[in-house]
Amino acid sequence: MINIQNVHKSFGDLEVLKGINLEVKKGEVLSIIGGSGSGKSTLLYCINAIEKINAGKITVDDIDVHDKATNQDKLRQKLGMVFQQWNSFPHLTVLENVALAPRIVKKMSKDEAIEIGEKELTHVGLGDKFDVYPTKMSGGQQQRLAIARALAMRPDYMLFDEITSALDPELVGEVLDTLRVLREDGMTMICVTHEIAFAREVSDNIAFFHEGIIEEMGSPDQVISNPQKETTQKFLSKVLS
Amino acid sequence: MDYQFHWNTVFQKMPEMLEGAFVTLHVSILSMLIGIVIAVFLAIVKMNQIKPFSYISSVWIEISRNTPALFQIYMAYFGLGAFGIHLSPYVAVLSALIFVNAGYLAETFRGGFQSIPKTQYSASKSLGMTNFQSYWYIILPQMFRRIYHPMTNQFVWSILMSSLGILVGMSELSGETQRLQSLSFRTLEFFMVAAVMYYIITKFVLISASLISRRLFKGEI
Ligand SMILES: Nc1ncnc2c1ncn2[C@@H]1O[C@H](COP(=O)(O)OP(=O)(O)O)[C@@H](O)[C@H]1O
Ligand SMILES: [Mg+2]
């Protein structure tokens with residue numbers, strides 16, 4: 001379970017998260033929607049300890065993420081993350097991209113790592129690309145590679161930060177389909193997304209972020225179909241039009 | 001023009017010319033190796049603003065890149081000599097080349113490092129890699145690709161610039177050529193052969209470097 005209690009985060013004088021409370025149970029999918037600059041990415045970075053927090057507490061399976069005693073490198077093995085800008089490792093083949101971390105972080109044998117790599121790549125539909133270099137692939141393929149790379153670490157949770165936002169429209173579908181497969185697999189996920197229809201389809205809960213706070217949260221039916229707050233209504237009418 | 005070419009004298013002195021060429025290679029390789037070590041230091045203190053070393057680094061980089069190599073060799077040989085520090089011609093030229101190589105390579109390293117997107121680092125950290133693993137497996141290999149060709153060029157530059165050793169009586173290829181021609185007065189022949197030897201050496205370096213890079217760097221960036 002990921003538990004977020006009253007988290008505050010500032011960059012200098014700018015308070016970006018102003019007391020966030022969230023809970024994601026095993027097997028759940030939470031989507032986070034909201035305008036740009038509302039703090040969605042920052043929250044994901046705080047969850048996997050790429051960013052520090054100023055106040056509050058985040059626990060992942062009861063491990064305090066920002067406690068000094070926590071081994072954050074080890075903690076990140078539980079948390080797969082895929083970013084908006086695809087960042088495949090361009091000097092490694094597709095298979096090496098996926099097999100590297102299992103080998104050097106989890107100390108698997110080369111054969112084991114390759115086996116996992118091939119399995120995860122096949123899972124995201126890149127079974128014919130093992131020896132290709134990622135720069136030769138489309139953005140959609142590179143995002144699927146990034147998903148496979150994260151999955152190869154066998155994480156308990158996946159964090160997705162607007163992974164379709166930088167893609168050409170015709171490539172969005174293949175990446176969303178991959179997320180649907182993960183949903184079927186029962187993966188616990190937090191998806192920051194602008195794909196409202198997708199969020200509504202796959203999410204157990206949806207949180208609407210506005211200027212560093214959660215304006216509204218609940219089931220897709222509540223938040224998308226019957227938003228109570230005016231800010232939510234405005235945001236939805238803008239992105240749905 | 002009725003200049004008569006006499007190549008025999010040159011060919012007789014070939015062993016001495018080759019010895020000179022060996023010294024040329026020797027001094028340029030050494031100046032690269034030591035230059036690289038210093039450049040790594042200069043680049044790191046500059047990028048991390050580690051005072052007071054970052055000031056030294058900035059001054060070093062400025063002077064080495066914006067003054068003629070000739071001036072630097074004179075400073076090392078005659079300049080230091082005026083203060084009672086007498087370097088041999090070899091050490092004076094070596095020091096000057098190290099000075100310039102370190103300055104140029106420091107900027108090459110800094111630029112190469114900064115050209116790697118920060119997201120590569122976040123991506124590797126998010127996979128559970130330690131800082132060391134992120135640098136070793138992800139950042140440095142990509143950086144090495146970007147600095148490889150500038151480094152090769154710097155090496156070729158060192159080979160060619162070491163010919164300024166002629167000015168302080170160093171017996172590298174040019175110095176040797178100068179000495180041999182003054183004994184025989186076959187000036188044109190000696191310098192033509194020396195030019196061909198420089199050409200062969202630098203071509204050899206460039207072609208080997210490109211063959212090695214093809215083996216080393218398979219993916220594209
Ligand atoms: N590293 C940073 N340094 C300073 N300000 C930042 C940094 N990262 C994000 N911000 C600021 O924090 C705010 C929230 O950013 P972000 O979490 O990326 O929003 P979102 O993902 O919802 O678009 C923005 O105003 C952004 O400019
Ligand atoms: Mg964002």
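Predicted, not measured: the structure shown is a model, and the values here were computed from it. The chains referred to below are lettered A, B, ... by the order of the sequence lines, with proteins before strands, and numbering in each begins at 1.
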Candidate pair B:Tyr137 and A:Phe89, rule ring-ring contact (aromatic ring centres under 6.0 Å, His included), full reasoning: CA-CA 10 Å; B:Tyr137 291 101; A:Phe89 303 136; over 10 Å; no
- request: State, with a plain yes or no, whether a side-chain heavy atom of B:Ile38 is found less than 4.5 Å away from one of B:Trp60.
  value: yes
query: Considering only heavy atoms, which portion of A:Met81 lies under 4.5 Å from any heavy atom of chain B: side chain, backbone, both, or neither?
result: both
task: Go through the atoms of A:Thr93 and report whether side chain, backbone, both or neither lie under 4.5 Å from a heavy atom of chain B.
output: neither
message: Check the orientation of B:Tyr121 and B:Tyr135. Use parallel for under 30°, tilted for 30 to 60°, and perpendicular for over 60°.
response: tilted
- prompt: Minimum heavy-atom separation for B:Gly128 to A:Val105, with atom names?
  reply: O-CG1, 3.6 Å
statement: Pair count under 4.5 Å, heavy atoms only, with chain B: among A:Asn48, A:Asn87, A:Leu100, highest is A:Asn87
task: Would you check if A:Lys26 and A:Met1 make a side-chain contact, meaning some heavy-atom pair closer than 4.5 Å?
output: no
- request: Let me know if A:Ile104 has heavy atoms under 4.5 Å from chain B in its side chain, its backbone, both or neither.
  value: both
- prompt: A:Lys78, A:Gln85, A:Arg149: which one forms the most heavy-atom pairs within less than 4.5 Å of chain B?
  reply: A:Arg149
